[in-house]
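A short worksheet on the structure shown next.
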2 protein chains.
Amino acid sequence: MARYRLTLEYDGGGFRGWQRQQDGIVTVQGVLEDALARLCGHSVTVLGAGRTDAGVHATGQVAHFDTTRPREPWVILRAVNVMTPELLTVLAVEEVDDRFHARYSAVYREYFYRVLAGRSSAPALDRRRVWHHPRPLDVERMRLAASALLGRHNFSAFRASFCQAKDPVRTLSRMEVEAVGGEIHIRVGADGFLQHMVRNIVGTLSVIGRAEWSPSMMEQILRSEDRTKAGPTVPPWGLYLERVLYGEGVG
Amino acid sequence: MARYRLTLEYDGGGFRGWQRQQDGIVTVQGVLEDALARLCGHSVTVLGAGRTDAGVHATGQVAHFDTTRPREPWVILRAVNVMTPELLTVLAVEEVDDRFHARYSAVYREYFYRVLAGRSSAPALDRRRVWHHPRPLDVERMRLAASALLGRHNFSAFRASFCQAKDPVRTLSRMEVEAVGGEIHIRVGADGFLQHMVRNIVGTLSVIGRAEWSPSMMEQILRSEDRTKAGPTVPPWGLYLERVLYGEGVG
């Protein structure tokens with residue numbers, strides 16, 4: 001038995017999310033499992049670091065699978081890229097120790113969110129790549145509010161009602177809000193995320209950026225541990241899973 | 001009669017180029033003329049600064065049209081954006097003097113070309129936004145070669161065989177080659193361009209970047225005025241019409 005680690009890039013608009021569903025529904029896991037089953041000659045389970053929602057993109061998703069038919073990593077890379085739609089690309093394949101688990105060994109995940117703010121016309125070229133917010137947003141207010149989230153907290157206020165995680169405590173170690181050209185780029189890194197957590201944080205930041213709430217509201221919302229106090233869930237197509245890091249000796 | 005200037009962004013992959021063709025073929029000019037005819041209640045001709053080929057994108061194309069039914073520019077902007085596919089966005093509408101001509105008054109045009117070089121896997125997210133060149137390219141060699149093109153020259157060596165321009169002399173005032181992240185960005189500005197000129201220049205630069213030709217070949221190719229001496233025509237989907245400038249008093 002050999003275990004392989006995959007690094008993946010995909011256009012979330014082409015998939016109904018990461019997780020395999022019934023036949024006929026195109027998901028990232030489903031497409032990968034089908035291709036690898038054909039390559040390996042046995043059924044294959046692919047486990048991902050983050051189960052991205054429908055529409056969410058990835059530039060650095062990590063996954064792993066096991067096979068009884070070991071092959072050179074470059075053979076797997078080429079074969080999977082030939083057998084899957086062009087909306088998905090395997091960037092790298094490495095053979096790993098069987099202690100490596102794409103989801104449970106991950107110690108850090110980083111997401112990126114793109115907002116096109118303050119431009120009345122919708123984006124034609126990046127129409128499923130950024131969230132279009134026609135009114136301007138005040139980046140300084142957003143940055144001030146965002147800093148309240150850094151550290152170890154109960155993030156229940158930013159958690160989807162249907163989120164199934166047992167423990168709502170996470171450690172946010174990176175939280176950046178930057179104006180880049182006509183866009184606002186938000187980067188969030190943590191040991192893990194609750195469902196819709198990044199999209200709910202960005203939604204709350206957008207209300208603060210429109211000056212409807214004060215930046216100090218962020219801390220109150222966080223402490224309330226109440227989803228109804230936070231802002232709306234922003235669209236999935238502005239969100240990118242960029243990076244997953246692993247501990248020493250299992251990465 | 002009133003004349004309006006339009007600034008346009010579009011995803012070239014959704015159109016068979018700028019120029020109107022027979023019914024049923026989707027072109028940028030055709031889509032705009034149909035929407036404006038409905039808005040104005042009479043047939044409309046839209047003239048563009050650059051007649052981009054099928055697949056070529058624009059972030060700053062400029063066009064104009066005349067109507068006997070003047071309206072507020074913002075009304076035209078909103079109406080056209082509602083009536084056209086999301087692959088096309090009108091960024092700005094201004095009423096202009098009738099001496100303004102999007103094509104003939106333009107004094108400068110700038111194109112941008114994106115190459116994803118040195119990465120074996122194809123791009124999933126930017127699959128119709130960059131040219132994928134799996135082998136690495138030497139940016140320094142390309143930059144050295146590119147500088148030979150600056151100035152006023154006969155560009156016949158970089159001109160499509162079917163190009164109909166009477167005069168092959170153009171003045172290149174900007175020619176930049178830059179490594180940005182994992183990409184190579186090429187920016188070319190001139191008073192005007194011959195057909196396929198930017199794509200043939202980039203194709204020639206790519207041969208030099210692969211070290212198959214020396215950088216000094218660029219000047220010899222230019223002087224030959226012979227299309228067969230230059231490199232291949234690279235794909236349209238890496239190319240963006242970014243900017244068009246107009247002279248004093250007509251812009």
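Sequence lines set the chain letters: A, B, ... in the order given, protein chains first and strands last, and positions in each chain run from 1. Since this is a predicted model, take the numbers as computed values, not measurements.
Between Phe15(A) and Tyr10(A), the ring-plane angle classifies as perpendicular under the 30° and 60° cut-offs.
Ranked by heavy-atom pairs under 4.5 Å with chain A, the list Thr89(B), Val90(B), Asn81(B) is led by Thr89(B).
Using a 4.5 Å cut-off between heavy atoms, Arg119(A) contacts chain B through its side chain alone, with no backbone atom that close. For a residue to count as touching a neighbouring chain, one of its non-hydrogen atoms must lie under 4.5 Å from one of that chain's; by this rule Leu88(B) touches chain A with the backbone only. For chain A, no part of Leu8(B) is nearby; none of its heavy atoms comes within less than 4.5 Å. For a residue to count as touching a neighbouring chain, one of its non-hydrogen atoms must lie under 4.5 Å from one of that chain's; by this rule Ala58(A) touches chain B with the backbone only.
In summary, Arg3(B) and Glu95(B) do not engage in a salt bridge, as defined by a charged side-chain N under 4.0 Å from a carboxylate O. The pair Asp53(A)-Arg199(A) counts as a salt bridge, with a side-chain nitrogen and a carboxylate oxygen less than 4.0 angstrom apart.
Taking the centre and axis of the six-membered ring of Trp237(B), the NZ or CZ atom of Arg128(B) falls inside the cone set by 45° and 6.0 Å.
In this structure, Glu178(B) and Arg143(B) approach most closely via the heavy-atom pair CA-NH2, 4.0 Å.
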